[in-house]
Undergrad: 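Quick one: the structure is below, questions incoming.
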Amino acid sequence: MDLVLKRYWLVKSEPDEFSIDDLQAQPDQTEHWDGVRNHQARNFMRDDMKVGDQVFFYHSNTKIPGIVGIAEVCREGYTDHTAFDPDDKHYDPKSDPDKPRWIMVDVKYVRHMTHTISLTELKDSAALEGCPLTRRGNRLSVMPIEPAHWTTILEMEA
DNA sequence: GCCAACGTTGGC
DNA sequence: GCCAACGTTGGC
């Protein structure tokens, strides 16, 4: 067995587009995380996200933005086919099927948080200082979470 | 390669 | 709806 440290992540979604409830409602509670069109976020999915990694599910652009649940990676990076579909919202005419530039992973629902850990609470936590999420002006839709921060956030649930 | 203009994200 | 913070694009 590989002795690999489990990694932790956070992914953002607008609940109007795709919420934690939507993920739970999938037939196998699994969905591909398509539509990421940012290179840094893409690189995380392509290079670093491994099956079994734990993922915070974050709702953005909503009344109370914050962490609403947990998912886990169940398939590692592969071509995001939506980039080739002219009818798709995230169509990228410059993406060549022979040389795909966009990548997605599959995530599986694990559970809801007992309550939303709001962005306000996250910002107020001294232990989370320096976390990419609470950094000003952060727009990354996929970001790594340090193990210590993961634990801190879980403790905020209680 | 610089940088202004423009588009998007996302909190408020 | 506003606007700050970025990322991307395109002229030069």
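In this text, all values refer to a predicted model and were calculated from it rather than measured experimentally.
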Undergrad: If you compare every side-chain N and O of A:K12 against the phosphate oxygens of B:dT9 (OP1, OP2), does one of them come in below 4.0 Å?
TA: no

Undergrad: Where do A:D92 and A:R101 land on the salt bridge (charged side-chain N to carboxylate O under 4.0 Å, His left out) test, with the steps shown first?
TA: CA-CA 9 Å; A:D92 177 6; A:R101 55 152 71 163; 3.0 Å; yes

Undergrad: Could you tell me the separation between the CZ atom of A:R135 and the P atom of C:dC6, rounded to a whole number of Å?
TA: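 Interatomic distance, CZ of A:R135 to P of C:dC6: 10 Å.
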
Undergrad: Measuring to OP1 and OP2 of C:dT8, would you say a side-chain N or O of A:H39 lies under 4.0 angstrom away?
TA: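 Affirmative; the distance criterion is met.
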
Undergrad: Does B:dT9 have its OP1 or OP2 closer than 4.0 Å to a side-chain nitrogen or oxygen of A:Y58?
TA: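 Negative; the distance criterion is not met.
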
Undergrad: Round to a whole Å and report the spacing from CD of A:Q40 to C1' of B:dT9.
TA: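 In whole Å, B:dT9 C1' and A:Q40 CD are 14 Å from each other.
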
Undergrad: Identify the residue among A:R37, A:R42, A:H90 that makes a side chain to side chain donor-acceptor pair (under 3.5 Å) with A:D80.
TA: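 It is A:R37, the one option of A:R37, A:R42, A:H90 that forms the side chain to side chain donor-acceptor pair (under 3.5 Å) with A:D80.
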
Undergrad: Any chance the rings of A:H81 and A:W102 have centres within less than 6.0 Å?
TA: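 Centroid separation for A:H81 and A:W102: 6.0 Å or greater.
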
Undergrad: In this structure, how many angstroms lie between the P atom of B:dT9 and the CD atom of A:E17, rounded?
TA: 10 Å

Undergrad: In whole angstroms, how far is the P atom of B:dG11 from the CG atom of A:D16?
TA: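 Interatomic distance, CG of A:D16 to P of B:dG11: 13 Å.
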
Undergrad: Between C:dT8 atom C1' and A:R101 atom CZ, what is the distance in whole Å?
TA: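 Result: 11 Å.
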
Undergrad: Between A:K94 and A:N61, which has a closest nucleotide on DNA chain C that is more 5'?
TA: A:N61

Undergrad: Whole angstroms only, please: what is the CG-C1' distance between A:N38 and C:dC6?
TA: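 Whole-Å distance recorded here is 10 Å.
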
Undergrad: I'd like to know if A:E14 and A:K89 make a salt bridge, using a cut-off of under 4.0 Å between side-chain N and carboxylate O.
TA: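 No, this pair does not count.
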
Undergrad: Output the rounded distance in Å from CD1 (A:I67) to P (B:dG11).
TA: 12 Å

Undergrad: To the nearest angstrom, how far is A:M143 atom CE from B:dT9 atom C1'?
TA: 12 Å

